[in-house]
Structures are given as structure tokens and as C-alpha cells.
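Just so we're on the same page: letters track the sequence lines, and every chain starts at 1.
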Amino acid sequence: MTALNSPRQFATTDNASVVVFDFETTGMSPQQGDRVIEIGAVRLEDGVIADQFQSLINPGCPLNPFITDLTGISDAMLATAPDAEAVISDFQRFVACTPLVAHNASFDRRFLIAEFCRFGHKVPLAIGCSMLAARRIFPDAPNHKLGTLVSYLELPTARRFHRALADASMTAALWLRMEQELCSRYGFEKVPFALLKRLGQIPRAKADRFLQQIAGRPQDRN
DNA sequence: TGCCAGGCCCTCTTTAGGGCCTT
């Protein structure tokens, strides 16, 4: 594992490709038996969506009505969906060794670990969080829910929220918007995945100073 | 509608509490 603490390390850590993903699930906790019911993902390559992945998953149990109301996904839709092992294997091949991004990644990471471990896949280590990065780049947003940020930043809006591919696509648009914002504010030519991921781990009060240091601008700027 | 879990993060803090975010 490589610790990223210095500007020099970011200069040599450049991922032109990331996979932005989102899970719809039966509930909040894989530790309490909740399962993934839909995976949506898009592959960003050099700032554009180069590929996408979407599949429902039959969890083998009826959905809580709350989840059907929230997502629009019904038991009937899942009855003919493939089982988790097949979809997770396909998703693992889609991801391969590409760094991952999700909105509030701590939630999706728990399900990713649970499902990948269930079927013996190696768990990806590099997962960036668009919510943590957005809290530092857009501290004045009304809040940092995905839908709020999409509206606040006037990003392209999918037909609906709480479907995996739609949410993944909007998260990808947010990720790209944050890259553009850092290029504009700090003069970066490119924003590596590792920089945005690391930014989300910096205390908010130190985020601007951290970015100025990376940009080689030690003096405060507005 | 709000709870469920759990990591993050702020404050009236750090031997803690509670809001934010995800389904």
C-alpha cells in the first residue's frame, strides 16, 4: 500500500481511467443480511464515459416495500434477474484493476467487500468518495446529497434517482466537475484519481492549504 | 416517516455526542 502525503507522489500517480459505481440494496447493512439488488457503473477514460455496466440481481428474498418505493425496483423485476454470483463476477471483470469511485463510498464499500468476499474475489483497495471530496471543494452547497449537488452544480440529470446506473452516471458527472473545478482554481493540468481520493481524507480546514501545496502555490488564495 | 448500520466530521470534543450520507 502506498501512502500519498507529498506533492511529488501525486505527480507520478495518474489514473486516466476510473470506474464510478452505485449499488441499490435491500437495506443498509450487509452485516444484517442485506444484499445488492442492482449494480450500475460507468468507466471514465480521459474525462468521458467510455463504457457502462448495469444489472439487476435476484437477492432470493422479497424486498421491503420501502425499497420498492424508493427505487422502483419490484420483486417481479428481480424474479427473472440473474443471481448475485454471476453478476458480481461480471462486475469484477468490468472493474478489473481500475480505481473505484462512489458517492458516500463507505456505504457501497461495505456491500462491495461483502459480495466480493462471498464469491472469493479480491476486494479492490482504491475507492474514492465523491461526497467527501465535494464537502471540501463545494463547502457552500446546501448539503452534499448526490441529488442536491447535481442540482447545485447544474449537472446533467438522469430521469430518476435511486437507480444504480443513473446514480453512477450522475456521480461520474460530479467527479468530472470536481476535476474541472480543481483545474480552474489551482491551475492543475490534470487531476489524478489519487489526488481527489486523498482530498476527501484531508480535514476540511486544511483542504485548501493542501491543494495549494500540491499546486505549488504556498500562499493563500481565495 | 423514521428507524435500522457505520464511517466521517464538527463541536458545546478527544474518557462524547450527534448530524450527515448511503439503501
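- Each of B/dT22, B/dC10, B/dT23 was ranked by its minimum atom distance to the side chain of A/Arg204; first place goes to B/dC10.
- Across B/dG6 and B/dG2, the matching P atoms stand 22 Å from one another, rounded to whole Å.
- Closest approach to the A/Phe66 side chain among B/dT22, B/dT1, B/dG7 is made by B/dT1 (side chain taken as heavy atoms from C-beta onward).
- Take A/Glu38 and apply the salt bridge (charged side-chain N to carboxylate O under 4.0 Å, His left out) test, not counting sequence neighbours, and it matches A/Arg163.
- Between A/His121 and A/Phe116, the angle of the ring planes goes over 60°, which puts this pair in the perpendicular group of the 30/60° scheme.
- Here the side chain of A/Met131 is nearest to one of B/dT23, B/dC21, B/dT22, namely B/dC21.
- The shortest side-chain heavy-atom distance between A/Ser55 and A/Ile39 does not fall under the 4.5 Å cut-off.
- When the C1' atom is compared between B/dT1 and B/dG17, the two are found 24 Å apart, to the nearest whole Å.
- You'll find the side chain of A/Thr68 stays beyond 4.5 Å of the side chain of A/Ile73, heavy atoms only.
- Within the 4.0 Å cut-off from OP1 or OP2 of B/dT23, at least one side-chain nitrogen or oxygen of A/His162 is found.
- A salt bridge links A/Glu115 to A/Arg35: one of the charged nitrogens lies within less than 4.0 Å of a carboxylate oxygen.
- Proximity note for A/Leu132 (side chain, C-beta onward) versus B/dC3, B/dC8, B/dT22: the nearest is B/dC8.
- Here B/dT23 presents its P atom at 17 Å from CD of A/Gln31, a figure rounded to the nearest Å.
- No contact: A/Asp69 has no heavy atom under 4.0 Å from any strand.
- Atoms CZ and CG, on A/Phe94 and A/Asp51 in that order, are 4.5 Å from each other to the nearest 0.5 Å.
- Separating the CG atom of A/Asp22 from the P atom of B/dT22 is a distance of 9 Å, rounded to the nearest angstrom.
- Across the protein-nucleic acid pair, A/Leu70 atom CG and B/dC3 atom P stand 16 Å apart, rounded to whole Å.
- Looking at every heavy atom in both residues, A/Ser17 comes nearest to A/Pro99 through O-CD, 3.6 Å.
- Checking B/dA5, B/dC21, B/dT22 against the side-chain heavy atoms of A/Gln32 singles out B/dA5 as nearest.
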Got a list of protein N/O to nucleotides 16-18 of chain B N/O distances below 3.5 Å?
none

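- Here, B/dG19 and B/dC4 have their P atoms 12 Å apart, quoted to the whole Å.
- If A/Asp167 and A/Ile202 are placed on DNA chain B by their nearest nucleotide, the residue sitting closer to the 5' end is A/Ile202.
- Summarising the geometry, the separation between CG on A/Asn104 and P on B/dC21 is reported as 9 Å, rounded to the nearest angstrom.
- Of the two residues near DNA chain B, A/Thr25 and A/Pro203, the one whose nearest nucleotide lies more 5' is A/Pro203.
- Rounded to an integer number of Å, the gap from A/Asp108 CG to B/dC21 C1' is 11 Å.
- Between A/His144 and the phosphate of B/dC20, there is no side-chain N or O to OP1/OP2 separation shorter than 4.0 Å.
- B/dG18 and B/dC12: their C1' atoms are spaced 11 Å apart (whole Å).
- Each of B/dG7, B/dT22, B/dA5 was ranked by its minimum atom distance to the side chain of A/Ser29; first place goes to B/dA5.
- Spacing between atom CG of A/Asn143 and atom P of B/dC20 amounts to 9 Å, rounded to whole angstrom units.
- Ring planes of A/Phe91 and A/Phe21: tilted class, angle from 30 to 60°.
- In this structure, A/His103 atom NE2 and B/dC20 atom P are separated by 14 Å, rounded to whole Å.
- Rounded to a whole Å, the CG atom of A/Leu146 is 13 Å from the C1' atom of B/dT23.
- The shortest distance between side-chain heavy atoms of A/Trp175 and A/Thr171 does not fall below 4.5 Å.
- Rounded to the nearest Å, the gap between the C1' atom of B/dT13 and that of B/dC8 is 15 Å.
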